[in-house]
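Only one structure is covered here, and it is reproduced in the block below.
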Amino acid sequence: MTPNGTRGQGLALFQDGFCLCLVAFGLWLAPAIGLAQNDEPHPLASPDGRIQVSIHFPPADSIGRPRWSAKFRGKPLLSDCRLGLQTLDAGDVVAGLRLLHERDRSVEQTIRVWFGKTDQAQDRFRESRFELETVEHRRVDLVFRCYNDCVALRYELPGETGRPIVITNETTSFVVEGNPMAYAQYLENYTTSHEHNVTPARARDLRPGELLDTPLTFVWEDGTCAAITEGALRHYAGMSLRRAAGAADRADLVCQLTPRPDGTKVVGQLPLQTPWRVLLVGDRPGALLESGTLYCLNEPSVINDVSWIKPGKITFSWWNGDVYDGKRDLPILSFAMAKKYIDFCVRTGIPTHSLTSDEKTVSPWYFQSTLGVAPGPDTDVTRPRADFDLAAIREYANSNHVRLWTWVHQGALRGRVEEAFSAFEKLGWSGMMVDFFDHDDQESVEHAEAILQAAARHHIMIHFHGIWKPTGWQRTYPNLMNHEGALNLEYLKWSDRCTPEHNLMMAFTRLIAGPMDYHLGGFRAVTRAEFQPHNIAPNVLGTRCHQLGLYVCYDNPNPMVADYPTAYEGQPGFEFLQLVPTWWDETRVLVGKIGEVLVTARRKDKTWYLGGISAGQPREMNLPLAFLDSGPYTIKVWKDAPDADSQPNHLATETINLSSTDSFRIHFSLDGGFVAQLIPIP
């Protein structure tokens, strides 16, 4: 790929976590002297050839910047995209660069995935590393990778180890070709929980000057899909996008780094790597949900023994208003109420009970004299509050083999992360939700990673809430179960914003980035005309089968069972909620129309599970079962009842025998759904 290069091929075995992977690699070495720079593109293609990238460098005597373009099956997706990285002491280090070397390689390896949508990911890519030099003779490396479903690029700044570096801005851009439909979440500012509705618009109609969250998904007229996001966000500021003002005939989206209080973006030391800037690509929306590339772009697990990480379903009484049977009687943190919930877990096989805060008094489980969830000057997360007999609850839970989970405000951990998690381990917490980040500046990103590291040392699993989208950290820290970063079913406690259409928008935007905590499990569905928000015993929109379908359609290894116990026991469909797995060996998206319908098939061992959710008018669907192995299967189906349009909690079940040569016909009611379990017949 470079003039006068040489090629070598080899075979290596390596260990990624506990998974032995086979790597076939090729290396093309450029000459060890400066390369000529002209208008000739430097091409890079995916292993299957469907994605083609062109990188252009300006003439050596100019002050221009490198630019790049991307095509999919010959169709231009991005064109003339700019690169830019500004530092305090050197300005734009990408301007006026001289190309020293181009080093290309090809990698193919299989990576073990812990607790995800598949049990392995194919880390297969071609890479071009451009070693560049500024006019001040400083090194900058530009790295492009091309997977079969992704283009990823990042900047690497080598140099004297420990030398300080301040990044004042990054102006990487994505110039979208054509006028595809865009599915945008507009951010009010950089201080955000990343919980917004999706606004569909043509790319050229995206509002200039406003912040856009990622993933930002595009769909062209021919069905080609792409999503812009980032991978491996570490020691750096989070990225949003902003459409540049100017040309009306294209959407020019420029990287926006969340600033630090002093206005700079990143303060660090050399060597420094930026996160990956990612364009996920597919020939249909479902392909973006099947991708494992973001996981691959992260470093291998730093946890050698993952045997203590035990995901599974979890109660979450905060959502239901801290009640057991629909009305408030016992305090949620009392031993008597905890015992009732733990007994419910034992009866139903739910492995974990959460004890978070007192919704009635709006105060957390740990000591602080001020009311509310925000920490005060005397907040002490290492000390349970006086009226919370955690020791007795822990003893009862342990005796019944039920794990305990809790909640903590991220601000209460600042300055004492290690001390706090050492105490949490002694208190008996198996996991916790860390909430209210509401910012993705560099300091917040580093704080979140410090929490994961301390939690791993003390064998505690983590949910992040009020936080940015995932960037693949689950590979490096398998104790990270999921992120929130989505307007989700909690909003039904005070609004009607989380509609079935919204659920299907989230599936093809936020969910593309990785596991999504969504406050699942509402079992009291009402029609849109009947809906009223309630803080205690909230209702949900979409049929009961729609709510069941979310457990299959959404990636989430540690999902909530968030309604109150008597809303579940004896209710049709709860048996599926009890038996459905929470992480998978294989995932296939069978049908995907953004905002309309999603049908997902997932395999655990030899058993398959189907989940479907839809929005709007009833529909009929015929689903080929060609993804199954040969031979007959027994299929148990939970589907909308004939009267579910007006009685959305009504469902019907049936059991049929089919094989891979058959099709499966299903009816969706108004805002409906379905689930099915497919067991091979011996």
Across all chains, not counting sequence neighbours, the ring pair (Phe, Tyr, Trp, His ring centres under 6.0 Å) partners of His409 are Phe436

Note to self: I'd like to know if the side chain of Gln122 pairs up with that of Tyr147 as donor and acceptor (distance under 3.5 Å, no hydrogens or angles considered).
What the structure shows: no

Hits for ring pair (Phe, Tyr, Trp, His ring centres under 6.0 Å) against Tyr491, two or more places apart or cross-chain, chain-then-number order -> Trp494

Only one of Arg510, Lys469, Arg277 passes side chain to side chain donor-acceptor pair (under 3.5 Å) with Thr214, and that residue is Lys469

Task: Backbone of Ser614 reached by a side-chain donor or acceptor of His546 within 3.5 Å - done: yes

Worksheet item: What orientation do Tyr518 and His502 show, parallel under 30°, tilted 30 to 60°, or perpendicular over 60°?
Response: parallel

| said: If you count every heavy atom of other residues, nucleotides or ligands that lies below 6.0 Å from Lys604 atom NZ, does the total exceed 12? | reply: yes

With sequence neighbours left out, the residues meeting ring pair (Phe, Tyr, Trp, His ring centres under 6.0 Å) with His465 are His519

ask   = Can a donor-acceptor pair be found between the side chains of Thr110 and Gln120 at a distance below 3.5 Å?
value = no

Between Gln86 and Thr171, does any side-chain donor sit less than 3.5 Å from a side-chain acceptor?
-> yes

Practice problem: Check the side chains of His196 and Glu188 for a donor-acceptor pair under 3.5 angstrom, ignoring hydrogens and angles. | Solution: yes

Donor + acceptor pair across side chains of Tyr551, Asn556 (<3.5 Å) = no

Does the side chain of Glu170 pick up a donor-acceptor pair with the side chain of Tyr236 at under 3.5 Å?
yes

Checklist entry - Does Arg145 make a cation-pi contact with Phe125 (under 6.0 Å, within 45 degrees of the axis)? => result yes

